[in-house]
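On a predicted model such as this, the values are computed, not experimentally measured, just so you know.
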Amino acid sequence: MKRAIFVLGAQRSGTSVTSHVLSELSVQFGDRDRFIQFDHNPIFFELQWVNELNDQIVKAIGHQYIDFFLPLEADFMAPKIQPQIQAIQANIHRLIQNEWHDQVVRSSFPFKAIEAADSQDFIIGIKDPRISLTFPIWEPVLLARGYSIQVVQPFRSPVGFLHSNQKLFHQWEGWTIDRHLHFWLQLNLAAVYFTRRYPLHLLNYDRLMQFSLEEVVQLVTALSLNASLTEKAAAVVQTEHYHHGDRSKDVQTDIPWVNEVYLKLCNKTITANDYLNYRQQMRSMSLV
């Protein structure tokens, strides 16, 4: 069986360390030389071509990634953009073929020989927070290639995300605290909404950094991965990469939506309707 595991949710929320853990569990993220900043430590496990195609998808519906927009499936089906969307999907199909099928595939990290992508049980990993917003374009391509789909969504406390995102993206001039926090809402809620038909494992990044083995055991169980690799996978979680520390106790912000969604993520009671309700309220306030 071929499986595709998407690592979605907000950036600066543990998506890279989650991907590193998954790679140690034999999930294949592609050729490390094609990762963004491939020599960065920690490794991002994010293919450059995946980023570029997602930027093209977002542009096709009239936005940039850093815009505040809350799409629905219908936005990707507008007749006037279908030639662009179809061309992008053809490129996704071709590049998946090239990345995982046309060559002897190696593990992203560490390098080691693996079985061919057309073998009985092969698992690829695709990581890019942008897919939280563009998933409807990727979904039919993976299904047409015979992949089943699973989703991992790491999340962290909104205050921890805020401090980390402010430091990394200080060049996004004009972003207020509220804008950062609505970005956290945008990506987390969109990921839940668009992947609502598939198994979703919510992974609390703050808990992963403190109780790595316990959280990796739950991840392995949820995704039916190789349990014999659990301890080895948990060992790659390094606290020195825990930027801005544990802010999980700083639950309250000045935005009620943020507080409510964070508690729902922690309690695993978040649903697709939360995205629709948030979107409706933002539209009523003329914010989208």
Hphob cluster co-occupancy, [X] + [Y], side-chain heavy atoms under 4.5 angstrom:
{"X": "Val217", "Y": "Leu225", "answer": "no"}
{"X": "Met77", "Y": "Ile88", "answer": "no"}
{"X": "Ile66", "Y": "Leu287", "answer": "yes"}
{"X": "Leu22", "Y": "Phe211", "answer": "no"}
{"X": "Ile126", "Y": "Leu200", "answer": "yes"}

Problem set entry | Any donor-acceptor N or O pair under 3.5 Å, side chains Ser228, Asn226 | yes
Problem set entry | Side chains of Trp138 and Asn54, donor plus acceptor under 3.5 Å | yes
Exercise. Hey, what's the ring geometry for Phe76 with Phe194, parallel, tilted or perpendicular (30° and 60° as the breaks)?
Worked result: perpendicular
Report yes or no: does [X] contribute a side-chain atom to a donor-acceptor pair with the main-chain N or O of [Y] at less than 3.5 Å?
{"X": "Asn267", "Y": "Lys264", "result": "no"}
{"X": "Glu46", "Y": "Asn51", "result": "no"}
{"X": "Ser132", "Y": "Gly9", "result": "yes"}
{"X": "Asn277", "Y": "Asn273", "result": "yes"}
{"X": "Asn188", "Y": "Leu185", "result": "no"}
{"X": "Gln210", "Y": "Asp206", "result": "yes"}
{"X": "Ser212", "Y": "Met209", "result": "no"}

Should we say atom [atom1] of [X] is surrounded by more than 12 heavy atoms from elsewhere, each under 6.0 Å from it?
{"X": "Asp254", "atom1": "CG", "answer": "no"}
{"X": "Gln280", "atom1": "CD", "answer": "no"}
{"X": "Ile177", "atom1": "CD1", "answer": "no"}

Problem set entry | Cation-pi geometry met for Lys2 and Tyr147 (6.0 Å, 45°) | yes
Which atom names give the shortest non-hydrogen contact between [X] and [Y], and what distance separates them?
{"X": "Leu143", "Y": "Tyr198", "result": "CD1-OH, 3.4 Å"}
{"X": "Ala272", "Y": "Val192", "result": "N-CG1, 4.0 Å"}
{"X": "Gly125", "Y": "Phe29", "result": "O-CD2, 3.3 Å"}
{"X": "Ser157", "Y": "Tyr262", "result": "CA-CE1, 3.5 Å"}
{"X": "Trp100", "Y": "Leu47", "result": "CH2-CD1, 3.9 Å"}
{"X": "Ala227", "Y": "Val220", "result": "CA-CG1, 3.8 Å"}

Problem set entry | For Asp55, salt bridge (charged side-chain N to carboxylate O under 4.0 Å, His left out) partners two or more places apart | Arg130
For this session: State which residues pass salt bridge (charged side-chain N to carboxylate O under 4.0 Å, His left out) with Arg196; sequence neighbours excluded, sorted by chain then number.
Result: Glu73
Got a second to check how far [X]'s [atom1] is from [Y]'s [atom2], nearest 0.5 Å?
{"X": "Leu219", "Y": "Ile5", "atom1": "CG", "atom2": "CD1", "answer": "7.5 Å"}
{"X": "Arg156", "Y": "Leu208", "atom1": "CZ", "atom2": "CG", "answer": "11.5 Å"}
{"X": "Lys59", "Y": "Ile81", "atom1": "NZ", "atom2": "CD1", "answer": "13.5 Å"}
{"X": "Ile124", "Y": "Leu142", "atom1": "CD1", "atom2": "CG", "answer": "5.5 Å"}
{"X": "Glu24", "Y": "Ser19", "atom1": "CD", "atom2": "OG", "answer": "12.0 Å"}
{"X": "Gln186", "Y": "Leu181", "atom1": "CD", "atom2": "CG", "answer": "12.5 Å"}

For this session: Step by step, work out the side-chain contact (heavy atoms from CB on, under 4.5 Å) result for Ile255 and Asp178.
Result: CA-CA 8 Å; Ile255 302 175; Asp178 282 7; 3.7 Å; yes
Ring centers of [X], [Y] separated by less than 6.0 Å:
{"X": "Phe45", "Y": "His20", "answer": "yes"}
{"X": "Phe6", "Y": "Phe135", "answer": "yes"}
{"X": "Phe183", "Y": "Tyr65", "answer": "yes"}

For this session: With side-chain contact (heavy atoms from CB on, under 4.5 Å) as the test, would you mind laying out the steps for Arg145 and His101 before giving the verdict?
Result: CA-CA 11 Å; Arg145 294 202 62 100; His101 296 262; 3.7 Å; yes
Problem set entry | Partner of His182 by side-chain hydrogen bond (donor to acceptor under 3.5 Å, both in side chains), out of Tyr278, Trp175, Trp257 | Tyr278
Problem set entry | Check against side chain to side chain donor-acceptor pair (under 3.5 Å), Asn204 and Glu215 | CA-CA 8 Å; Asn204 188 320; Glu215 291 299 312; over 6 Å; no
Problem set entry | Stepwise side-chain contact (heavy atoms from CB on, under 4.5 Å) check, Val58 with Phe69 | CA-CA 10 Å; Val58 171; Phe69 65 106; 3.7 Å; yes
For this session: May I have the step-by-step check of side chain to side chain donor-acceptor pair (under 3.5 Å) for Ser16 and Lys127, ending in yes or no?
Result: CA-CA 8 Å; Ser16 293; Lys127 176 220 169 194; 2.8 Å; yes
Problem set entry | Step-by-step side-chain contact (heavy atoms from CB on, under 4.5 Å) determination, Ile123 to Ser26 | CA-CA 7 Å; Ile123 310 172; Ser26 299; over 6 Å; no
Exercise. Would a 4.5 Å heavy-atom cut-off, applied to side chains only, mark Tyr193 and Asp274 as touching?
Worked result: no
Problem set entry | Sub-4.5 Å side-chain heavy-atom contact between His201 and Val151 | no
